[in-house]
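Everything on this sheet refers to the single structure shown next.
Side chains included, hydrogens not; waters and symmetry mates left out as well; all remaining heavy atoms used. We count ligands from 1, going down the list as the structure has it; atoms in each ligand are counted the same way.
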Amino acid sequence: MPHRFTDPWLDFEREHAWHPYAPVPAQVAPLPVASAQGAVIRLTDGTELIDGMSSWWAAIHGYCHPVLNRAAKRQLDRMSHVMFGGLTHQPAAELIRRLVDITPPSLDRVFLCDSGSVSVEVALKMACQYQAAKGQEGRTRFASLSRGYHGDTIGAMSVSDPHNGMHSLFTGLLAHQLHLPAPPMRSLGPFQSSQLDHTETLIAEAADSLAAIIFEPVVQGAGGMRFYHPEYVAGLKDIADRYGLLLIADEIATGFGRTGHLFACDAAGITPDIMCVGKALTGGMMTLAATLATDQVAGAISSAEPGVFMHGPTFMANPLAAAVASASIDLLRSGDWQGQIRRIESSLTTLLEPARNAPGVNDIRVLGAIGVIEMEAPVDMARVTDVLLDMGVWLRPFGNLIYTMPPYIATAEQVERIVEAMRALAGLVRG
Ligand SMILES: *Cc1c(COP(=O)(O)O)cnc(C)c1O
């Protein structure tokens with residue numbers, strides 16, 4: 001911990017808090033945050049950091065947005081939560097109406113749940129129950145794309161990349177799924193249908209045991225920040241249809257405009273059978289996710305034994321989160337999100353491109369409001385924090401990747417500062 005932070009609670013935190021993907025005690029001390037406003041995070045010593053991460057894709061409108069805060073406060077005074085089993089409420093209904101409205105056509109049945117990983121578990125269970133209802137009880141495995149990431153729970157891990165997810169650590173625990181080739185990156189050239197030949201062969205061989213293909217459309221996030229062609233997505237849909245598999249689109253990172261389309265599936269012009277959303281659903285205010293399905297999927301599950309979908313989280317359809325999510329969707333749709341994303345995309349492209357030939361840089365890529373510098377070697381995390389504090393920017397590189405997905409409300413100057421910091425970090429690993 002840089003000695004500048006003197007909060008009395010920090011020592012105890014360090015002794016007892018467990019941070020994500022970090023040793024205990026944490027090697028790089030987490031920075032103490034006092035508050036956040038717009039695209040700025042304020043630390044307890046008064047330092048201001050421009051947020052390049054949107055708190056993991058979520059805070060698309062920035063922090064403390066008055067519209068979202070008002071929605072939360074209004075709902076708080078009515079009720080913060082009631083169970084969704086046997087009861088229902090307007091915040092859920094309003095959110096479901098919006099989700100049906102803005103997602104690809106035919107995704108007409110909405111299951112609200114707690115977090116992205118849970119929405120993935122829900123999607124996998126839906127696919128299994130669907131196949132069983134169709135008399136295909138043997139179809140209980142899943143095909144997924146290598147380099148994919150679908151969450152940290154056991155089922156979600158089993159369909160995530162086996163190397164990034166360290167599957168060898170969990171042998172015996174994780175179901176044995178079919179890991180398909182990673183889609184070729186856009187930068188390698190135009191889409192060719194032959195890129196899916198091997199994938200189709202693998203699916204054909206295992207089809208009898210497969211319930212669904214799960215994938216992140218167009219952008220593979222935590223598995224490598226890789227961008228691939230929308231035509232590839234359409235190709236996957238076609239293969240899934242021909243072999244009797246459902247297609248599960250994980251839009252938890254890509255949803256709500258991040259790629260320049262409201263949903264990445266829109267770029268491919270497809271409707272998946274099941275779709276997961278999360279992260280930006282509440283504009284980053286609190287945790288909420290949803291699994292959407294077609295009426296065919298929901299109808300089949302309900303028409304066979306046991307006649308119900310076997311899932312029901314305690315905090316399902318939390319009214320507080322649902323009210324904020326509706327406000328966030330309205331805010332998005334009433335604003336110029338396309339213009340915001342286009343402007344961020346063009347700034348990121350212009351400002352990052354000169355770094356392409358810098359020593360140690362492997363690739364530069366930009367899509368929508370996502371900018372990536374891929375290095376040849378891992379970033380030295382111990383030195384990252386000091387540089388970020390100096391430059392007044394918040395980023396969280398992982399592995400070889402220095403990347404940003406800023407809030408959509410970030411100004412041109414803020415985006416410029418973020419890119420300067422990214423380039424400074426890229427300079428760190430030159431040595
Ligand atoms: C973050 C993420 C998840 C997991 O969501 P949590 O809310 O962290 O459980 C799943 N899939 C994708 C594509 C994600 O980016």
Side-chain angles (χ1 to χ4, degrees), residues 18-22 53-60 103 111-127 142 144-162 164-165 174 177 179-180 182-183 212-228 233 236 247-259 261 263-265 267-268 272 274-292 311 313-316 318 321-322 324-325 328 367-370 372 396 398-399 401 403-405:
W18 215 332
H19 282 267
Y21 291 98
M53 298 300 291
S54 299
S55 283
W56 278 330
W57 312 84
I60 55 176
T103 52
F111 191 97
L112 295 169
C113 51
D114 321 50
S115 71
S117 300
V118 173
S119 78
V120 167
E121 302 290 335
V122 164
L124 301 178
K125 286 174 71 175
M126 277 180 186
F142 295 90
S144 62
L145 306 186
S146 296
R147 306 299 296 272
Y149 174 77
H150 298 287
D152 287 352
T153 52
I154 308 293
M157 259 176 84
S158 76
V159 289
S160 298
D161 186 276
N164 291 345
L174 295 185
Q177 317 289 20
H179 299 288
L180 300 169
I213 303 174
I214 180 166
F215 73 111
E216 296 154 280
V218 183
V219 175
Q220 293 187 298
M225 304 297 289
R226 303 172 78 256
F227 309 150
Y228 67 98
V233 172
L236 285 175
L247 192 69
I248 303 171
D250 178 349
E251 293 249 15
I252 293 165
T254 48
F256 306 101
R258 180 59 67 179
T259 66
H261 289 86
F263 294 93
C265 282
I274 299 175
M275 186 166 125
C276 300
V277 296
K279 289 202 162 106
L281 174 58
T282 63
M285 287 274 283
M286 65 264 282
T287 182
L288 185 71
T291 310
L292 292 89
H311 205 93
T314 305
F315 283 96
M316 178 163 182
N318 175 255
V324 171
S328 176
L367 179 70
I370 312 168
V372 183
R396 179 101 180 132
F398 75 91
L401 301 168
Y403 65 104
T404 184
M405 51 270 186

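- Judged by distance alone, with hydrogens and angles left aside, the side-chain atoms of Ser55 form no donor-acceptor pair with the main-chain N or O of Ala59 at under 3.5 Å.
- Proximity to Gly151 (heavy-atom distance under 4.0 Å) selects the following atoms of ligand 1: 4 (C), 10 (C).
- Under 4.0 Å from ligand 1, heavy atoms of Tyr149 appear from its side chain as well as its backbone.
- Below 4.0 Å from some heavy atom of Glu216 lie the following atoms of ligand 1, by number and element: 13 (C).
- Every atom of ligand 1 is numbered from 1 in the order shown, and the set under 4.0 Å from a heavy atom of Ser117 is 4 (C), 5 (O), 6 (P), 9 (O).
- A donor-acceptor pair under 3.5 Å is formed between the side chain of Ser160 and the backbone N or O of His150.
- Below 4.0 Å from some heavy atom of Asp250 lie the following atoms of ligand 1, by number and element: 10 (C), 11 (N), 12 (C), 13 (C).
- Under the 3.5 Å distance criterion, the side-chain polar atoms of Gln177 are left unmatched by any main-chain donor or acceptor of Ser144.
- Panel note: side chain Gln220, backbone Arg226; no donor-acceptor pair is recorded below 3.5 Å.
- Between the side chain of Ser54 and the backbone N or O of Met405 there is at least one donor-acceptor pair closer than 3.5 Å.
- The shortest contact between atom 5 (O) of ligand 1 and any protein heavy atom is with Gly116 CA, 3.2 Å.
- When each atom of ligand 1 is checked for a heavy atom of Ala253 under 4.0 Å away, the hits are 15 (O).
- Counting the atoms of ligand 1 from 1 in the order shown, those under 4.0 Å from a heavy atom of Lys279 are 1 (C), 2 (C), 3 (C), 14 (C), 15 (O).
- A distance-only check finds no donor-acceptor pair linking the side chain of Arg147 to the backbone of Asp161 [under 3.5 Å].
- With hydrogens and angles ignored, the 3.5 Å screen pairs no side-chain donor or acceptor of Thr254 with any backbone N or O of Val219.
- At a 4.0 Å heavy-atom cut-off, ligand 1 touches His150 through the backbone alone.
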